[in-house]
Amino acid sequence: MQLTGFDIMVIALVVLVIMVLFAGIKTVPQGTRYTIERFGRYTRTLEPGLNLIIPFIERIGARLNVMEQVLDIPTQEVITKDNASVSADAVAFYQILNAAQAAYQITNLENAIQNLTMTNIRSVMGSMDLDELLSNREVINDRLLRVVDEAVGPWGIKVTRVEIKDIQPPKDLVDAMGRQMKAEREKRAQVLEAEGFRNAQILRAEGAKQSAILQAEGQREAAYREAEARERSAEAEAKATKMVSEAIAAGDVNAINYFVAQKYTEAMAAIGTAPNSKIVLMPMEASSLIGSLGGIGALAREVFGDQPNGSQRPRPPETNTQRSTTPVVNPFAPPRRET
């Protein structure tokens, strides 16, 4: 089949139309924005999806990523307010909000953000002392974020975060700080040890004080009870002496025997229980002591016996036998010799 000139023209026209259609259809991926220029002038921004442009008249100016991006800030030397030299690096997070401003307001966007962040790091960190610099990273980050975000606002960019990654003081300064920290820790340890020793001494003193108080109270109570016991003993002694005196006044010889025998036995008990006594001489007769004890028993029966209505039992008349079996004993008389 031989093609005529008309057929060739139609085929060429169809191919041209297809090429024009392919040139005018643009697909924009998600997270990306395209700027459109007509004869070199910005006209609009293409959103993600399928878009149409006028071929040969409009063209794509810039392809921009509008997702949040990370930019490393290189390490740089910073001199602090107290003339200490430190090395610091950082990382910045930014996002393009306006594609047209980001494309036409600044050239080499990443380099501009990087240099702007570096200069502000020097400004912010240089206005702080070294101790403040090492202990207030959050303050540094907030100040850097506020300053850098305000500076890049006309470029259609939002700086979401600026973080200081590392601060490295000189080695000799690090060693000095280590010695200082060690000295502070030793100082706190000594202070705590001294406080513990003081508290222990206070507790011991309080314990000794309470012990002395309780001991004094115990001695006072013992003295009170001992005095009370002596008082009752004296009352009993006085009552016994009164009763013996009344019996003697009534003419009872057994009362004298009771009194003398009581004192005699008490003296002999004291002599027998003396720690330095090895040999005890007994200058008396056993029968005399027995007679005295008999007198004590008779007197006890007469004085402490059960009497109805508190009356005394009538004393039986003394006989010659009783007088002879219960003699008055003189414990201090010399012993008699039998022939």
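This chain uses plain numbering: 1 for the first residue, then up along the sequence.
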Backbone of V159 reached by a side-chain donor or acceptor of D149 within 3.5 Å: yes
Side-chain donor or acceptor of N98 paired with backbone N/O of Q101 under 3.5 Å: yes
With sequence neighbours excluded, what pairs up with N115 under the side chain to side chain donor-acceptor pair (under 3.5 Å) test? N111
Within the distance-only criterion (no hydrogens, no angle test), does the side chain of N51 pair as donor or acceptor with the backbone N or O of G49 below 3.5 angstrom? yes
Which atom pairs, one a donor and one an acceptor, fall under 3.5 Å between side chains of residues 188-208 and the rest of the protein, sequence neighbours left out?
| residue | atom | partner | partner atom | Å |
| --- | --- | --- | --- | --- |
| N199 | ND2 | E195 | O | 3.1 |

Quick check for you: to the nearest 0.5 Å, what is the distance between I157 atom CD1 and Q69 atom CD? 9.0 Å
When rounded to the nearest 0.5 Å, the distance separating OG1 of T45 from CD1 of I36 is 8.0 Å
Side-chain heavy atoms of I60 within contact of K26, under 4.5 Å: yes
Under a 4.0 Å N-O cut-off, is there an ion pair linking K239 with E235? no
Heavy-atom donor-acceptor pair, Q114 side chain to D72 backbone, under 3.5 Å: yes
R225/E221 salt bridge by N-O under 4.0 Å criterion: yes
Check for me, please, whether Y42 and I53 land in the same ILVMFWY cluster - side-chain distances under 4.5 Å, paths through other members count. no
To the nearest 0.5 angstrom, please state how far the CD1 atom of I113 sits from the CG atom of L71. 6.5 Å
Same cluster (ILVMFWY, side-chain, under 4.5 Å), L144 and V78: yes
When you group the ILVMFWY residues by side-chain heavy-atom contacts below 4.5 Å and let the links chain together, are I140 and V147 in the same group? no
Which donor-acceptor pairs under 3.5 Å do the side chains of residues 160-172 make with protein atoms, sequence neighbours left out?
| residue | atom | partner | partner atom | Å |
| --- | --- | --- | --- | --- |
| T160 | OG1 | E68 | OE2 | 2.5 |
| T160 | OG1 | F93 | O | 3.2 |
| E163 | OE1 | N141 | ND2 | 3.0 |
| D166 | OD2 | Q168 | NE2 | 2.7 |
| K171 | NZ | D175 | OD2 | 3.4 |

Is I8 reachable from L16 through a run of hydrophobic residues whose side-chain heavy atoms are each under 4.5 Å from the next? no
Residues which pass side chain to side chain contact (heavy atoms under 4.5 Å, CB included) with I106, listed by chain and number, not counting sequence neighbours: L109, A112, W155
Could you verify whether a donor N or O on one side chain and an acceptor N or O on the other, from E37 and Y104, lie under 3.5 Å apart? yes
Taken in chain and number order and not counting sequence neighbours, the residues that satisfy side chain to side chain contact (heavy atoms under 4.5 Å, CB included) with T75 are S87, D89
Under the rule for side chain to side chain contact (heavy atoms under 4.5 Å, CB included), what residues qualify as partners of R232, not counting sequence neighbours? E228
Return yes if some donor-acceptor pair links the side-chain N/O of N83 with the main-chain N/O of I79 below 3.5 Å, else return no. no
Closest approach of L64 and A99, non-hydrogen atoms and distance? CD1-O, 3.0 Å
For the hydrophobic clusters of this structure (ILVMFWY residues joined by side-chain heavy atoms under 4.5 Å, transitively), does one cluster hold both Y34 and I96? no
If you round to the nearest 0.5 Å, how far is OG1 of T35 from CZ of R59? 8.5 Å
CD (E226) and CD (Q219) are apart, to the nearest 0.5 Å, by 11.5 Å
Donor-acceptor check, side chain of E58 to backbone of I54, threshold 3.5 angstrom: yes or no? yes
E77, CD atom: more than 12 neighbouring heavy atoms under 6.0 Å: yes
Heavy-atom count check: over 12 atoms from other residues, nucleotides or ligands less than 6.0 Å from K158 NZ? no
Does N65 use its side chain to pair, donor to acceptor, with the backbone of M67 at less than 3.5 Å? yes
State the OG1-CD1 distance between T117 and I73, to the nearest 0.5 angstrom. 4.0 Å
